[in-house]
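Here the structure is laid out as structure tokens; the discussion comes afterwards.
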Amino acid sequence: GENVEQHPSTLSVQEGDSAVIKCTYSDSASNYFPWYKQELGKRPQLIIDIRSNVGEKKDQRIAVTLNKTAKHFSLHITETQPEDSAVYFCAASPNDYKLSFGAGTTVTVRA
Amino acid sequence: DAMVIQNPRYQVTQFGKPVTLSCSQTLNHNVMYWYQQKSSQAPKLLFHYYDKDFNNEADTPDNFQSRRPNTSFCFLDIRSPGLGDAAMYLCATSSDATNEKLFFGSGTQLSVL
């Protein structure tokens, strides 16, 4: 099955700086890569996703890049703000019922 | 605007005492999932329903069962909880079988004493 590894497990950044989270996946058949944000005590929410036919996708301060050859994808948050503090999960799906998640990255934005 | 609702938010049970967690949705999605998330670990899919069709993951223990009496509700039954079953249980829904745009509930934190 699909195995998703996520790094780093914790990330502390100064407000205004950028944050980058990286994930690798094992199943070359995976073609859908969402990112979820989970604030303390709240539900995971989809923040951005990308399909394997696209190399990069951007939504305001958030961007995701995908390298299919290397089987890795990354989340980039620019101009970080305190409300970006949360746990971020990457996931990969080989287009079946399984969405395999990474272990999560706890992001702390220091004011 | 709660669309996937899980009750209770916190559940405490005793070792070996059956417990049921519930999930309801107002999205009319045909797929419902149950994930187990232990501290600092990735959510792990236990099983899912596509309409009334039940799909169990190969490594889901027999101790875990599920029921979906109608489109809106799905239950997770743990027949004999062990200490290792203490975790956050997340319910999620999607509108088709491709796992896109999963909508999660807020989860039920289960403690086993």
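Chain A is the first sequence line, chain B the second, and so forth, proteins listed ahead of strands; every chain is numbered from 1. These numbers come from a predicted model, not from an experiment.
Hydrophobic cluster membership is shared by A/Leu11 and A/Val4, with clusters built from Ile, Leu, Val, Met, Phe, Trp and Tyr side chains linked at under 4.5 angstrom.
Shown here for B/Pro43 and A/Gly102, the closest heavy-atom pair between the two residues is CD-O, 4.2 Å. Pairing each heavy atom of A/Arg43 with each of B/Ser106, the nearest pair is NH2-OG, 3.4 Å.
When the candidates A/Gly104, A/Ala91, A/Pro44, A/Ser9 are compared by the number of heavy-atom contacts under 4.5 Å with chain B, A/Pro44 comes out ahead.
The environment of CD in A/Gln81 is crowded: more than 12 heavy-atom neighbours from other residues, nucleotides or ligands sit within 6.0 Å. For CG of B/Leu113, the number of neighbouring non-hydrogen atoms (other residues, nucleotides, ligands) closer than 6.0 Å is greater than 12. Heavy atoms of other residues, nucleotides or ligands lying less than 6.0 angstrom from CG of B/Asn70 number more than 12.
Interface remark: B/Gln37 contributes side-chain atoms only to the contact with chain A (heavy atom separation under 4.5 Å). Contacts of A/Gln45 with chain B are absent, with no heavy-atom separation under 4.5 Å from either backbone or side chain.
Side-chain atoms of A/Tyr36 come within 3.5 Å of backbone atoms of B/Leu102 as a donor-acceptor pair (strictly under, hydrogens ignored).
Take B/Gln65 and apply the side-chain contact (heavy atoms from CB on, under 4.5 Å) test, not counting sequence neighbours, and it matches B/Asp77, B/Arg79.
Sequence neighbours left out, the pairs with a member in residues 11-27 of chain A that pass side chain to side chain donor-acceptor pair (under 3.5 Å) are A/Glu2-A/Ser26, A/Ser12-A/Arg110, A/Gln14-A/Arg110.
To the nearest 0.5 Å, the span separating CZ on B/Phe104 from CG on A/Leu46 amounts to 9.5 Å.
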